[in-house]
Amino acid sequence: MTAAALPTTVLEVSTTVLYPGADGSISYGQLPIPLAGVVPCQLRFADGVCASGSLLAVEENGWLLLVHGYTTAQGRPVASRGWALEQPADEPGRRFRIRSMVPAGPVAVS
């Protein structure tokens, strides 16, 4: 048996699901820098449920968080979703906050 490698970043979410304004702390690793590209991460929700995902730096204080589909502790399936993540200016360090949901599908550029 081989041990699985630890993900680059572990996000401890203070709630049981993500939504704009949800927050948490970074318990392992750090948010990626722009040159890192897409890096794997793991989310640990307040009810003990874990989900896998990936992070991509997209601006100075902004990351794209893709959370793969998972099932809540109550058995409700949650589809894969994209989220805009930031570090709050008033809480520097190892905190993060969900800024908004990223719409699925093509996005018009004007």
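Residues I98 and L65 meet the side-chain proximity criterion, which asks for heavy atoms closer than 4.5 Å. Proximity of V39 to L31: side-chain heavy atoms (C-beta onward) are nowhere separated by under 4.5 Å. In this structure, F96 and L11 have side chains that are in contact, with non-hydrogen atoms separated by less than 4.5 Å. In this structure, the side chains of V102 and L64 come closer than 4.5 Å at one or more pairs of heavy atoms.
Between the S80 side chain and the G69 main chain, a donor and an acceptor come within less than 3.5 Å of each other. In this structure a side-chain-to-backbone donor-acceptor pair under 3.5 Å is present from N61 to Q87. A donor-acceptor pair under 3.5 Å links the side-chain atoms of W63 to the main chain of P32, judged by distance alone.
Side chains of E12 and S25: a donor-acceptor N/O pair is absent below 3.5 angstrom, by distance only.
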Acceptor/donor pairs from residues 14-21 side chains to any protein atom, 3.5 angstrom cut, sequence neighbours excluded:
unit_1, atom_1, unit_2, atom_2, d
S14, OG, D23, O, 2.8
S14, OG, D23, OD1, 2.5
T15, OG1, V17, O, 2.6

Working for side-chain contact (heavy atoms from CB on, under 4.5 Å), residues I26 and T9: CA-CA 7 Å; I26 302 163; T9 303; 3.8 Å; yes
Take R44 and V10, measure what side-chain contact (heavy atoms from CB on, under 4.5 Å) needs, and give me the verdict at the end. CA-CA 7 Å; R44 296 180 184 159; V10 177; 3.7 Å; yes
Under the side-chain hydrogen bond (donor to acceptor under 3.5 Å, both in side chains) rule, what do S52 and H68 come out as? Steps first, then yes or no, please. CA-CA 6 Å; S52 61; H68 302 176; 3.2 Å; yes
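One hydrophobic cluster, built from ILVMFWY side chains closer than 4.5 Å, holds both W83 and V49. Both M101 and V13 sit in one connected hydrophobic cluster of ILVMFWY residues. Membership requires side-chain heavy atoms under 4.5 Å apart, directly or through other members.
Every residue two or more places apart in sequence or in another chain that forms a side chain to side chain contact (heavy atoms under 4.5 Å, CB included) with V78 is listed here: Y70, T72, R76, R81.
Going from atom CD of E59 over to atom CD of E86 covers 8.5 Å, rounded to the nearest 0.5 Å. Interatomic distance, C41 SG to L85 CG, rounded to the nearest 0.5 Å: 9.0 Å. Once rounded to the nearest 0.5 Å, the distance linking CZ of R94 with CD of Q30 reads 7.5 Å.
The two residues V38 and S54 make their nearest non-hydrogen contact at CG1-CB, 3.6 Å.
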